[in-house]
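Predicted model, so just to flag it, every value in this text is computed and none were measured. Keep in mind that the numbers below use all heavy atoms, side chains included, and drop hydrogens, waters and symmetry copies. Numbers here are sequence positions counted from 1.
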Amino acid sequence: MSKHFFGDTTVLLGRSLRHITRSPDTIITTAIMPIAMMLMFVYVFGGAINTGSGSSYVNYMLPGILLITVASGIAYTAYRLFMDMKGGIFERFQSMPTARSSVLWAHVLTSLAANLVSLVVVMLVALLMGFRSGAGVLAWLSVGGILILFTLALTWIAVIPGLSAKTMEGASAFSYPLIFLPFLSSAFVPTDTMPTVVRVFAENQPVTSIVNAIRNLFAEQPVGNDIWIALAWCIGILVVSYVFAMNTYRRKIS
């Protein structure tokens with residue numbers, strides 16, 4: 001790692017954050033869809049769904065909405081990377097004495113910051129809709145840590161199409177399956193109400209364990225193995241996507 005890595009990343013992070021502050025509509029757009037889903041599920045479908053949890057439906061489905069918020073937000077990371085690739089900014093940075101990976105890390109950290117803002121906006125709306133939690137500081141920190149790991153994991157996935165896509169639409173379209181994945185999990189209904197094949201998939205995909213861990217932390221319930229499975233999924237996806245993203249980046253700039 002170059003001795004200038006941290007300084008270069010800081011400078012490039014400032015550049016990316018300035019782009020975000022000049023177009024705050026990206027954060028607003030990221031938050032609008034999850035909020036619209038939350039309103040629809042709580043006020044249209046919520047009365048007909050029996051979760052068996054004993055808590056309000058907004059409490060039950062909020063963890064899934066938070067994951068959808070992140071999945072929506074990372075599409076902009078892929079878009080910004082694609083625009084930088086097409087604009088030749090990567091070649092300009094390569095001609096300068098900057099750490100090669102600092103460009104990617106700047107985009108990743110920008111994605112993390114932007115998504116955290118979107119998550120806070122969604123949480124505030126959920127509070128207005130009746131979400132309540134008696135969780136302590138440690139539980140909230142645990143939820144924050146899981147969401148940060150999840151955001152980093154998906155952001156590094158977003159880096160791959162951002163670097164390799166041929167069109168702007170292709171760069172951001174990869175996020176659609178990620179947005180849809182929570183619907184095949186325990187995010188909105190208990191998995192035991194699903195057909196056998198769907199239930200088996202739902203109970204063994206990463207979103208379910210992440211949602212269950214966050215939900216139990218909010219509800220001050222024992223998290224059991226869900227939190228360890230959730231962390232294993234997040235860290236595993238993060239490591240694999242980081243390796244693939246860096247390999248893609250090296251091929252692009254070689």
d(Met37 CE, Met40 CE) to nearest 0.5 Å is 6.5 Å
Path from Phe188 to Tyr43 over hydrophobic side-chain contacts below 4.5 Å
yes
If hydrophobic clusters are built by linking Ile, Leu, Val, Met, Phe, Trp and Tyr wherever their side-chain heavy atoms come under 4.5 Å apart, do Ile235 and Trp156 end up in the same one?
yes
Please report the C-alpha distance between Ile74 and Ile157 in whole Å, then the side-chain angles of each, then the deciding distance to 0.1 Å, and finally whether the side-chain contact (heavy atoms from CB on, under 4.5 Å) criterion is met.
CA-CA 9 Å; Ile74 60 167; Ile157 292 177; 5.6 Å; no
Are Ile146 and Leu217 close enough that some pair of their side-chain heavy atoms sits under 4.5 Å apart?
yes
First locate atom OG1 of Thr208, then atom CG of Asp226, and finally report the distance between them rounded to the nearest 0.5 Å.
9.0 Å
Do the rings of Trp105 and Tyr242 sit parallel, tilted or perpendicular, given the 30° and 60° boundaries?
tilted
Between Ile227 and Val223, what is the shortest heavy-atom contact and its length?
CG2-CG2, 3.6 Å
Ignoring hydrogens and angles, tell me if any N or O in the side chain of Thr151 forms a donor-acceptor pair with the backbone of Leu147 under 3.5 Å.
yes
Output for pair (Leu163 CG, Arg251 CZ), nearest 0.5 Å, gives 9.5 Å
Any donor-acceptor pair under 3.5 Å linking the side chain of Arg215 with the backbone of Ser186?
yes
So which heavy atom on Ala187 is nearest to which on Pro182, and how close?
CB-O, 3.4 Å
Quick check on the hydrophobic clustering: are Leu81 and Phe244 connected, directly or via other members, by side-chain heavy-atom contacts under 4.5 Å?
no
Is it the case that atom CZ in Phe183 sees more than 12 heavy atoms from other parts of the structure closer than 6.0 Å?
yes
side-chain contact (heavy atoms from CB on, under 4.5 Å) partner of Val200, chosen from Val198, Val197, Asn204
Asn204
Here the pair of heavy atoms bringing Pro190 nearest to Tyr60 is N-OH, 3.2 Å
Would a single hydrophobic cluster contain both Val211 and Phe180, if residues Ile, Leu, Val, Met, Phe, Trp and Tyr are joined by side-chain heavy-atom contacts under 4.5 Å?
yes
Linking I/L/V/M/F/W/Y whenever any side-chain heavy atoms sit under 4.5 Å apart, do Leu141 and Leu112 land together?
no
Quick one, Ile229 with Asn212, criterion side-chain contact (heavy atoms from CB on, under 4.5 Å). Give me CA distance, side-chain angles, the key distance, then yes/no.
CA-CA 10 Å; Ile229 297 172; Asn212 289 345; over 6 Å; no
Are Met246 and Leu104 close enough that some pair of their side-chain heavy atoms sits under 4.5 Å apart?
yes
Separation between OH of Tyr176 and OG of Ser72, rounded to the nearest 0.5 Å
10.0 Å
From Ile179, Ile65, Thr69, residue fulfilling side-chain contact (heavy atoms from CB on, under 4.5 Å) relative to Met33
Ile179
Start with the C-alpha distance between Leu149 and Leu238, add both sets of side-chain angles, then the distance that settles side-chain contact (heavy atoms from CB on, under 4.5 Å), and finish with yes or no.
CA-CA 8 Å; Leu149 275 176; Leu238 173 59; 4.2 Å; yes
Rounded distance (nearest 0.5 Å) linking atom CD1 of Ile32 with atom OG of Ser118
10.5 Å
Which heavy atom of Ala158 sits nearest to which heavy atom of Thr77, and what is that distance?
CB-CB, 4.4 Å
Give a yes or no on whether Tyr57 atom OH has more than 12 heavy-atom contacts from other residues, nucleotides or ligands under 6.0 Å away.
yes
Straight-line distance of Ser56 OG to Leu62 CG, nearest 0.5 Å
9.5 Å
Please output the side-chain donor-acceptor pairs of residues 120-134 that fall under 3.5 Å, not counting sequence neighbours, one pair per line with the distance.
from	atom 1	to	atom 2	distance (Å)
Arg132	NH1	Leu127	O	2.9
Ser133	OG	Ala135	N	3.1
Ser133	OG	Phe218	O	2.6

Where is the tightest heavy-atom contact between Gln205 and Leu181, given as atom of each residue plus distance?
NE2-O, 3.2 Å
For Val70 and Leu178: C-alpha separation, side-chain torsions, deciding distance, then whether side-chain contact (heavy atoms from CB on, under 4.5 Å) applies.
CA-CA 9 Å; Val70 175; Leu178 298 179; over 6 Å; no
Of all heavy-atom pairs linking Thr191 and Ser185, the shortest is CG2-C, 4.2 Å
